[in-house]
Amino acid sequence: MSKDFSTMEDSNPSANTSIHEVSDPTRRVVLRGGLGALMGAMGAAGWGLGGCASLADMGSSSGAGALLGFKSVPVATVDAVSVPPGYVTQALAAWGEPVGLSGEMPAFRFDASNSAAEQQAQMGMHHDGIHYFPIDGSSTHGLLVMNHEYTDDGLLHPDGMKTWTAAKVKKSQAAHGISVIEIEWLDQRWQHVQPSPWARRITAESPITLSGPAAGHALMKTAADASGTRVRGTLNNCASGLTPWGTYLSCEENFSNYFNCTTPPDAHGKRWGLKKVDAALYRWHEFDERFDASRHPNEPNRFGWVVEIDPFNPSSTPIKRTALGRAAHEGAMVAVTRDNHAVIYMGEDARFEYIYKFVSRDPIQPGGARANATLLDHGTLFVARFDTDGKGAWLPLVHGQGPLTPANGFADQGEVLIKTRQASDLLGGTKMDRPEWTAVDPKTRKVYCTLTNNSQRGADKFPGVDAANPRVNNTMGHIIEWLDDGDFDGIRLTWQHFVLAGNAASSRPNARGNVKGNAFGCPDGLWIDGRGVLWIETDMSTKDMGQGDLAELGHNALLAADPSTGEIRRFLVGPAGCEITGATGTPDGCTMFINIQHPGESPSERSDPDAPRKISNWPDQRPDGRPRSATLVIRKADGGMIGT
Ligand code: FEO
Ligand code: CA
Ligand code: CA
Ligand code: CA
């Protein structure tokens with residue numbers, strides 16, 4: 001989300017500066033694409049090597065030549081998607097479309113009158129992180145797995161939030177979480193296959209297991225779960241990640257907004273943004289008391305984790321991996337060291353929070369998800385410190401080391417992980433301008449992270465600028481890049497800014513000279529495709545869009561950057577009131593999928609049910625309809641590779 005929901009949280013004002021075969025024998029489905037096919041879906045080796053031969057009837061192109069081969073699109077403020085000449089788009093799997101559960105295919109009702117039970121079998125609201133998982137290595141048949149970050153309850157119910165009921169809470173919970181859908185290229189279109197044996201919804205009510213050092217911890221136990229290992233649901237699933245062993249990582253972001261305190265929270269709760277909310281954003285606590293954090297003080301500790309899901313095993317229970325730390329997690333991007341250990345880069349999107357990485361203790365094993373079922377339960381979490389000399393360090397969050405001792409409130413490693421923010425404060429991690437997505441370039445081994453904005457940088461009672469976050473009142477955001485010393489698991493790093501975002505007046509020289517190409521603000525999503533293009537997605541909030549520094553930037557956009565030259569070119573502009581998020585593609589590089597999130601969002605971020613279609617009615621444009629988040633398919637009309 002754009003999210004004043006996220007930016008309302010100012011909890012840190014203190015002053016320290018060959019993929020293995022993945023198979024499901026019961027369905028006789030085998031991912032035979034191997035490392036190339038699966039890493040290709042996340043934009044690593046293998047993407048584009050085969051061109052678009054399977055689409056030869058459309059006339060494929062080779063993808064050779066300059067990295068950015070398209071004509072940039074101008075800034076736009078229309079309620080439609082703009083793409084360069086020669087490109088076509090298609091909306092797919094909008095909110096409310098039946099997800100494809102066998103025997104449960106409730107049609108979407110355009111007045112939003114579907115029940116909670118129907119919503120449970122439909123696409124959730126507000127699509128975010130997404131990945132394409134090829135079936136049998138295919139670029140024309142696969143699974144899309146995607147997050148549904150949050151609900152706009154003004155749109156979700158026929159009369160919005162004018163009345164508030166238990167049924168509305170249940171529907172909101174059912175519209176959260178994750179969807180798994182099957183898609184196939186048929187009749188010159190991508191089609192959502194319904195029903196499908198893989199179709200799945202995971203919601204804020206689904207059973208989820210806790211694993212790793214914080215599982216079973218005293219701080220995780222609740223009245224409903226004395227074991228501290230079984231959680232109901234996942235929520236605010238923002239960005240995502242793909243593991244080389246074929247699973248999907250879904251990240252719980254602004255969980256504190258779902259809880260209400262009737263009495264003031266303790267120091268721990270306060271550090272995590274818990275508070276008494278007069279007009280609680282989601283109002284779940286009014287009918288589901290586990291979201292009353294005063295009555296159930298440990299329930300919030302069970303959120304803010306990275307959740308691992310095996311999309312090819314629909315009966316598997318998702319797992320919250322506590323070894324990766326607790327945060328308002330934006331995303332989790334996986335890199336693989338030369339000796340085959342997994343390194344996961346993660347941003348925490350809140351003002352003055354941190355950038356993290358997790359290094360697995362053990363190497364990745366052949367044999368897919370089953371063989372790596374506990375890989376993410378053992379390893380070391382680090383927080384980043386960016387120094388003034390362009391160098392930096394990864395500081396380990398290990399119990400008993402440095403200040404992470406019982407005397408400072410950390411009884412054990414579980415407590416370090418549940419209190420990741422407090423641990424990072426003591427270690428002296430660098431307080432960043434809202435770290436969102438990270439991206440790993442497997443060729444150069446550089447890592448990129450968006451710092452979307454921070455209007456409080458340098459304000460009264462908040463930290464001032466530092467080398468890595470160099471602008472007071474950073475309305476435009478920036479992108480930082482670094483190279484870990486030696487390998488992805490190195491504990492020293494070298495960093496620079498890739499770009500300080502902005503318009504002509506506010507942009508400053510980046511590390512490679514002057515900013516070249518098109519202006520943009522508030523970078524959020526990032527993805528490096530198989531050709532090496534760095535895709536940048538923007539999330540200017542609807543409150544700020546068209547105002548101040550963002551005045552001439554139009555709607556949110558998707559831009560393509562050439563990391564070797566620094567050139568940034570606008571590729572796509574979205575409909576009114578939307579955010580552009582989530583990016584993935586087929587192994588052949590000929591189809592890209594992004595998510596159009598919250599078209600029609602009002603500046604208040606809670607829509608009046610009668611008003612949103614005055615802002616946007618995308619994608620249906622029906623007089624009786626409502627704007628709907630949806631996946632957007634992008635292709636070249638000639639079937640060639642995206643970006644050429
Ligand atoms: Fe969910 Fe920080 O975007
Ligand atoms: Ca948003
Ligand atoms: Ca954002
Ligand atoms: Ca985001």
Side-chain angles (χ1 to χ4, degrees), residues 1-11 124-130 146-152 176-178 234-241 249-258 273 281-282 303-307 327-333 345-356 432-439 448-455 474-479 501 520-527 535-545 550 553 555-559 574 577-584 594-598 601 603 605 629:
M1 28 186 149
S2 354
K3 265 323 79 189
D4 261 37
F5 289 6
S6 68
T7 57
M8 286 164 71
E9 196 197 329
D10 290 309
S11 309
M125 202 175 221
H126 289 353
H127 308 21
D128 206 322
I130 183 171
M146 74 183 80
N147 293 341
H148 302 289
E149 187 181 25
Y150 69 106
T151 54
D152 176 345
H176 277 71
I178 296 130
T234 181
L235 49 79
N236 216 252
N237 305 81
C238 186
S240 52
L249 301 177
S250 180
C251 301
E252 299 181 323
E253 193 189 16
N254 297 302
F255 62 88
S256 67
N257 291 328
Y258 293 78
L281 293 166
Y282 297 96
F303 294 88
W305 304 103
V306 175
V307 189
H329 274 296
E330 179 77 16
M333 300 301 151
Y345 294 94
M346 300 169 280
E348 171 160 35
D349 178 13
R351 289 195 283 248
F352 307 108
E353 298 299 345
Y354 302 105
I355 293 172
Y356 293 97
M432 308 299 289
D433 286 349
R434 297 184 55 200
E436 299 229 50
W437 289 58
T438 51
Y448 298 81
C449 182
T450 49
L451 290 310
T452 195
N453 58 56
N454 185 348
S455 58
N474 181 11
T475 55
M476 295 290 205
H478 54 290
I479 300 175
F520 67 98
C522 306
D524 187 339
L526 278 183
W527 183 56
W535 296 92
I536 303 166
E537 300 175 311
T538 74
D539 179 20
M540 300 176 285
S541 77
T542 44
K543 174 174 63 65
D544 299 329
M545 209 181 282
L550 307 177
L553 296 180
H555 291 168
N556 279 310
L558 169 67
L559 302 103
C578 83
E579 158 185 347
I580 309 293
T581 185
T584 186
I594 64 168
N595 278 324
I596 302 293
Q597 193 194 61
H598 64 66
E601 181 181 86
E605 302 185 7
S629 294

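Ligands are counted one by one from 1 in listed order, and the atoms in each one are counted from 1 as well.
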Enquirer: Just checking: E330, one of its N/O/S atoms, less than 2.8 Å away from atom 2 (Fe) of ligand 1, yes or no?
Expert: yes

Enquirer: Kindly give the atom name of the N, O or S atom of D539 closest to the Ca ion (ligand 3).
Expert: OD2

Enquirer: How many angstroms lie between CD in Q597 and CG in D539, if you round to the nearest 0.5 Å?
Expert: 7.5 Å

Enquirer: Specify whether an N/O/S atom of D349 falls short of 3.0 Å from the Ca ion (ligand 4).
Expert: no

Enquirer: Could you tell me how the ring of Y282 sits relative to the ring of Y258: parallel (under 30°), tilted (30 to 60°) or perpendicular (over 60°)?
Expert: parallel

Enquirer: T581: which residues meet the side chain to side chain donor-acceptor pair (under 3.5 Å) condition with it, sequence neighbours left out?
Expert: D128

Enquirer: Taking N, O or S atoms only and a limit of 3.0 Å, check whether E579 reaches the Ca ion (ligand 3).
Expert: no

Enquirer: With rounding to the nearest 0.5 Å, note down the distance linking CG in L558 to CD1 in I596.
Expert: 8.5 Å

Enquirer: Of all the N, O or S atoms in E330, which has the shortest distance to the Ca ion (ligand 4)?
Expert: OE2

Enquirer: Among the N, O or S atoms that E436 has, which is closest to atom 2 (Fe) of ligand 1?
Expert: OE1

Enquirer: Which is the closest N/O/S atom of E253 when seen from atom 2 (Fe) of ligand 1?
Expert: OE2

Enquirer: Treating N147 as the side-chain partner and A239 as the backbone partner, does any N or O pair qualify as donor plus acceptor under 3.5 Å?
Expert: yes

Enquirer: Name of the E436 N, O or S atom nearest the Ca ion (ligand 3)?
Expert: OE2

Enquirer: Looking only at heavy atoms, which two atoms of A332 and V306 are closest? And how far apart?
Expert: CB-CG1, 4.3 Å

Enquirer: Of all N/O/S atoms in D349, which lies nearest to atom 2 (Fe) of ligand 1?
Expert: OD2

Enquirer: For H555, what residues pass the ring pair (Phe, Tyr, Trp, His ring centres under 6.0 Å) criterion, not counting sequence neighbours?
Expert: none

Enquirer: May I ask you to check whether D524 brings an N, O or S atom to under 3.0 Å from the Ca ion (ligand 3)?
Expert: yes

